[in-house]
Q: 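Dropping the structure in here first, questions after.
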2 protein chains.
Amino acid sequence: MGKGQETRERLMDIAEASVLTKGFGATSIDEIIAEAEITKSGFFYHFRDKNQLALALLQRYVDREDELLDDLFARARELHDDPLHAFLIGLKLFAEMMADLPKGHPGCLVATCCYNERLFDSDVRELNKHALLKWRRRFLAELEKIAAIYPPKDDVDLEAVADMVTGIVEGGIVLSRALEAPQELSKQILLFRSYLKLLFMPAYN
Amino acid sequence: MGKGQETRERLMDIAEASVLTKGFGATSIDEIIAEAEITKSGFFYHFRDKNQLALALLQRYVDREDELLDDLFARARELHDDPLHAFLIGLKLFAEMMADLPKGHPGCLVATCCYNERLFDSDVRELNKHALLKWRRRFLAELEKIAAIYPPKDDVDLEAVADMVTGIVEGGIVLSRALEAPQELSKQILLFRSYLKLLFMPAYN
DNA sequence: GCCGGTACAGTACCGTCAGTACAGTTTCTG
DNA sequence: CAGAAACTGTACTGACGGTACTGTACCGGC
């Protein structure tokens, strides 16, 4: 990694931390460059404006989350051949990971974008949308494999169930932060897991 | 309502609409006063600063939502004596109400606060927390009545299930907005309803 | 060894926005 | 008619995002 890329990453690290704790609007460029010990010129050399910074942050964020989920559910499939049980194991691993974050999940850039709409241009919103659609496809594929084996016990739209994973996580983060209860997110993920058990597991009564 | 109160309400109406579509940070006082045809002095006569405006907006918002939920679940109890069925009816009514909003739910001020943390002082965060705790109590009371009659088919923490209502709604709003799919929120509420059916209804298999 | 790009530093400036200060004015109310 | 409530008007400050442009240290290639 060249020197430029290094500085760019450092700026993004500082910005991300600030955005996730204070929100995008409350994160000032002056503050970022002070912490990075760089001048304003240096910052604008790397990012045309704050929107470009947001775009870069979001891109990096969704790539990382994607990789994390890939690893996690791949590991779950290693632990169990059955798609339902693998998914349930994956959710358990996910919940445990969220529970282990000592200060709770720092927040989600996807939702941050959502609640700061006009601060971001159409590029950012498009990227955000595509990230959510990717997660929908990811979970839908798993759910279809499950439903093929275990007929669901309620008439549900599997696409909506796939979206529910994202929704539960986003909602759980809001709850955790607003209630100052770090374990809340993990609990919500486990409740979703409970739903899948009741929905798909045959001998569950 | 005196003239002062009237102006105050008008300012809050304009501000609320702007905050829900653009976010709090992107809502400028200059913009609000232009639309309200009032001077800056006039604005600061009613609100000490932007935090006071946020506090007033949030207070009014949670009061309204509270009243709405009161009416809705009271109506549901009129329609069915059994607490489980009444709750399911209430959720159905809620989902229908959310589906009928032509442009989707405008967003939730509670989550807006959550994702703009530093913009708001501790008063706002406290109010936010108390609102969520009130909803927890509300739904927990119903769930306990249900669980007393219908033993839950999975070992769940009813408090977390109560929080799940709020979480599903918050998450659903994020999904709706980010995906530009107004029906998403309604679908997520109905999925939560499906969970409650599977969790509590005896002959459901 | 100098040439050109990369990666910044420095300086100066502009518009927008939240917020302050304070004096003056209208409008309602007792 | 007094006094409070509900503003208007004007002038200003400081933080912030962003622009513009000049200068410069470093670094690899020829």
Side-chain angles (χ1 to χ4, degrees), chain A residues 1-19 21-58 109 112-113 115-124, chain B residues 1-19 21-58 109 112-113 115-124:
Chain A
M1 187 160 61
K3 198 193 166 199
Q5 197 58 30
E6 223 170 89
T7 306
R8 193 183 150 94
E9 292 280 326
R10 205 172 77 248
L11 287 170
M12 285 171 70
D13 289 341
I14 295 167
E16 187 177 85
S18 182
V19 169
T21 56
K22 305 193 300 188
F24 195 78
T27 299
S28 78
I29 295 176
D30 286 357
E31 192 186 304
I32 296 169
I33 64 179
E35 200 176 328
E37 288 176 328
I38 200 178
T39 62
K40 220 169 189 178
S41 315
F43 177 87
F44 284 106
Y45 173 77
H46 289 285
F47 304 100
R48 191 172 0 101
D49 54 25
K50 228 183 164 188
N51 265 315
Q52 283 299 109
L53 171 65
L55 195 65
L57 283 180
L58 187 61
L109 280 178
T112 299
C113 287
Y115 280 103
N116 284 278
E117 217 171 326
R118 282 294 149 79
L119 271 172
F120 304 108
D121 55 25
S122 56
D123 287 349
V124 177
Chain B
M1 186 160 60
K3 196 192 167 199
Q5 197 58 30
E6 224 170 89
T7 307
R8 192 182 151 94
E9 291 281 326
R10 206 172 75 248
L11 288 169
M12 285 172 70
D13 289 341
I14 294 167
E16 189 179 82
S18 182
V19 169
T21 56
K22 306 195 298 188
F24 195 78
T27 298
S28 79
I29 295 176
D30 285 358
E31 189 187 306
I32 296 169
I33 64 178
E35 199 176 330
E37 288 176 329
I38 201 178
T39 61
K40 217 168 193 180
S41 315
F43 177 87
F44 284 106
Y45 173 79
H46 289 285
F47 303 100
R48 192 171 0 97
D49 54 24
K50 228 183 163 186
N51 266 314
Q52 282 299 110
L53 171 64
L55 196 65
L57 282 180
L58 187 61
L109 279 178
T112 298
C113 288
Y115 280 103
N116 285 276
E117 217 171 326
R118 281 292 150 78
L119 271 171
F120 304 108
D121 55 24
S122 57
D123 286 349
V124 176

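Not measured: the values here are computed from a predicted model. Each chain gets a letter, A, B and so on, in the order its sequence line appears, and its residues count up from 1.
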Q: Does a distance-only test, which skips hydrogens and angles, find a donor-acceptor pair under 3.5 Å between the side chain of Lys40(A) and the base of dA9(C)?
A: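 When only heavy-atom distances are counted, Lys40(A) does not reach the base of dA9(C) through any donor-acceptor pair under 3.5 Å.
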Q: Between dC8(C), dG19(C), dC7(D), which nucleotide gets closest to the side-chain atoms of Lys3(B)?
A: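 Of the candidates, dC7(D) comes closest.
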Q: May I ask you to verify if any side-chain N or O of His46(A) is less than 4.0 angstrom from the OP1 or OP2 atom of dA7(C)?
A: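 So the side-chain polar atoms of His46(A) never come under 4.0 Å of the phosphate oxygens OP1 or OP2 of dA7(C).
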Q: Write down the distance between CD1 (Ile29(A)) and C1' (dG17(D)), rounded to a whole number of angstrom.
A: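 Going from CD1 in Ile29(A) over to C1' in dG17(D) covers 6 Å.
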Q: Between atom CZ in Phe44(A) and atom P in dG10(C), what is the gap in whole Å?
A: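 Atom CZ in Phe44(A) sits about 17 Å away from atom P in dG10(C).
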Q: Quickly work out the Ile33(B) CD1 to dC17(C) C1' distance and round it to whole Å.
A: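 These atoms are roughly 11 Å apart.
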Q: Looking at side-chain heavy atoms only, is the closest gap between Thr7(B) and Tyr45(B) below 4.5 Å?
A: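 Thr7(B) does not reach Tyr45(B) side chain to side chain.
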Q: Rounded to the Å, how far apart are Ile38(B) CD1 and dT10(D) C1'?
A: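 Distance check: Ile38(B) CD1 to dT10(D) C1' gives 17 Å.
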Q: Which whole-number value in Å describes the distance from Phe43(A) CZ to dA7(C) P?
A: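 Roughly 16 Å, once rounded to whole Å.
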Q: Measure the CG-CD distance between Leu55(B) and Gln52(B) for me, rounded to the nearest 0.5 Å.
A: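 That separation rounds to 5.5 Å.
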Q: Closest nucleotide of DNA chain C for Ser41(A) versus for Tyr45(A): which of these residues is on the 5' side?
A: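 First, find each residue's nearest nucleotide; the 5'-ward one identifies Tyr45(A).
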Q: Hey, are the side chains of Glu6(A) and Glu9(A) touching, using non-hydrogen atoms and a 4.5 Å cut-off?
A: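 No; the side chains remain at least 4.5 Å from each other.
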Q: Quick one: label Thr39(A) by what it contacts on the DNA or RNA (base, sugar-phosphate, nothing), any heavy atom closer than 4.0 Å.
A: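 Contact class for Thr39(A): base.
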Q: OP1 or OP2 of dC7(D) sitting under 4.0 Å from any side-chain N/O of Thr7(B)?
A: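 It does, given that an N or O in the side chain of Thr7(B) lies less than 4.0 Å from OP1 or OP2 of dC7(D).
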Q: With a 4.5 Å heavy-atom cut-off, do Val19(A) and Glu16(A) have their side chains touching?
A: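 The answer is no; the side chains never approach within 4.5 Å.
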Q: Categorize Gly4(B) for me: base, sugar-phosphate, or nothing, with a 4.0 angstrom heavy-atom threshold over every strand shown.
A: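 Since only primed, P, OP1 and OP2 atoms lie under 4.0 Å of Gly4(B), the category is sugar-phosphate.
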Q: Side chain of Asp121(A), backbone of Val124(A): donor and acceptor closer than 3.5 Å?
A: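 At least one qualifying donor-acceptor pair exists.
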Q: Classify the angle between the aromatic ring planes of Phe24(A) and Phe120(A) as parallel (below 30°), tilted (30 to 60°) or perpendicular (above 60°).
A: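 Tilted, since the angle between the ring planes falls between 30° and 60°.
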Q: Just how far, in rounded Å, is P of dA18(C) from CD of Glu31(B)?
A: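 Going from CD in Glu31(B) over to P in dA18(C) covers 9 Å.
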Q: How long is the line joining CZ of Phe120(A) and P of dG17(D), in whole Å?
A: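 Distance, rounded to whole Å: 13 Å.
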Q: Leu11(B) pairs by side chain to side chain contact (heavy atoms under 4.5 Å, CB included) with which of Leu53(B), Ile32(B), Ile29(B)?
A: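 Testing each of Leu53(B), Ile32(B), Ile29(B) against Leu11(B), the sole residue satisfying side chain to side chain contact (heavy atoms under 4.5 Å, CB included) is Ile32(B).
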Q: In residues 48-57 of chain A, which residues come under 4.0 Å of DNA chain D by heavy atom?
A: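 Here the set is Arg48(A), Asp49(A), Lys50(A).
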Q: Whole angstrom is fine here: how far is it from CZ in Arg8(B) over to P in dA5(D)?
A: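 It works out to 15 Å between those atoms.
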